[in-house]
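Here's the structure we're looking at; comments come further down.
Counting starts at 1 for both ligands and their atoms, following the listed order. For the single chain, residues carry numbers from 1 onward in sequence order.
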Amino acid sequence: MAKKLWGGRFKKKTDKDFFEFQKSIQYDHKLAKYDIAHSLIHVLALGSTGVLKPKEKAKLVKSIQKIQDEIAAGKFKYDKDSEDIHTDIQNKVEKKIGKLALKLHTLRSRNDQIVFDEKFYCYEESTKIEGLLEKFMESIMFLKNRYRELSIVGYTHTQGAQKIYFKDYLGAFYCMFERDKKRLSSFLKNLEIHIGAGALLRNIKKENYGKAIKEFLKGANYPIKPSENTVDDVSDRDFIIEFLSILSIMQMHLSRLSEDFILYSTKEFGFFELPEEFCTGSSLMPHKKNPDFLELVRGYTGRIYGNLFSILTTMKGLPLTYNRDMQLDKEPLFSSVETVKDEIAIMSRFIKGVRLNKDIIKESLKDKNLYSVDRAKDLVKQGMSFRQAHDEIGRELRKK
Ligand code: ARG
């Protein structure tokens, strides 16, 4: 058990099993980079209030920046015996500069740190997902253009309906992902990363944080702001729920695309040929080429929806303000973000390797049923009512 950020009030030692049960370092270490940002801004704010003398401030900043460099270089190693990432960083600063490190947490609360870290994480990750999505949409465009002249069977109810252009079929997915991207941009536009909420009440003036943020950002463009309503800041996780909702909708689109491609690549349909690099074989049946990537994408939908519902449910009955229940928001958040990123990165390459079997598609377009509406239109042109034409052609096509 590493040194804790609390303890003075307790006579008895924390139960070992309980300590293991409650710690979060095993996943919140992923927030190290953002927690460092919080520490830097906080130290600058403490400097401007006079709590830290200029020399102390400089020393603290330097030691925190060293950890920041370790993180950037991929050399940061978290102590798995720490309670959480906030404690771990505090302990690491102490190791570097000794007792002065104990001033780092002055008038600060982990309730403020964690929500700052998570908002910052969401901001950066949704920016990354936006970029990946853009590439993925380019790949869709690539496949769409490769077969821009081609027509295919369009389905309703999974029954042949009418002949449609492949570019319109695939373009439909493009439109869906374009809306997903818009949802992400609007999420990003509204997201503010607040700092200075304390445990639930402001302890350091907004102005001091304002100055500190400016000093920290040095013109960089992150939407970091001093907390407006500190009670709100430590209480809500709606930004995570919103982010996971957007990812769930995106996942639903990915899943439907996967389902279509699985179906159209079966021997029974035979329209699509899937890129071999993304398929697997069977240990028993030599002939098999299975669409495992698409099946896994479709399968992950359960988890992505589950992650959203997990946080929605955790939050539903919590009394204001912070409650430890909220610690459980991190694994679902990380899980959805990491899965969706992997999926769209691979999907971008997958889509480019899809080939269409023009001969089989041509054959499938010979089905007379696909042109029943055109034939009805012809009869209508000759003066027949549409209902009568519909009836007549229906009877003609009826299986005897
Ligand atoms: N690990 C906590 C979480 O993720 C950090 C905040 C802890 N606050 C507290 N008062 N114990 O929510």
### Query
Should the pair Phe271 and Tyr264 be assigned to parallel (<30°), tilted (30 to 60°) or perpendicular (>60°) ring geometry?
tilted
To check your reading of the model: name the closest protein heavy atom to [atom], its residue, and the distance in Å.
atom                    : result
atom 11 (N) of ligand 1 : Arg110 NH2, 3.7 Å
atom 5 (C) of ligand 1  : His86 NE2, 3.8 Å
atom 1 (N) of ligand 1  : Gln327 OE1, 2.7 Å
atom 9 (C) of ligand 1  : Asn111 OD1, 3.5 Å
atom 3 (C) of ligand 1  : Tyr322 OH, 3.2 Å

### Query
Are Lys30 and Glu125 close enough for a salt bridge, meaning some N to O gap below 4.0 Å?
no
### Query
Does the pair Lys4/Glu83 count as a salt bridge with the N-to-O cut at 4.0 Å?
no
### Message
Test your reading of the structure: does Arg237 have an N or O sitting under 3.5 Å from an N or O of ligand 1?
### Response
no
### Query
Do the side chain of Arg110 and the main chain of Leu5 share a donor and acceptor less than 3.5 angstrom apart?
no
### Query
For ligand 1, does Lys330 get within less than 4.0 Å through its side chain, its backbone, both, or neither, judged by non-hydrogen atoms?
side chain
#### Entry: Residue Ser24 vicinity, atoms of ligand 1 by number, heavy atom under 4.0 Å
1 (N)
#### Entry: Any Phe350 side-chain heavy atom under 4.5 Å of Leu274 side chain
yes
### Task
Could you verify whether a donor N or O on one side chain and an acceptor N or O on the other, from Gln251 and Glu343, lie under 3.5 Å apart?
yes
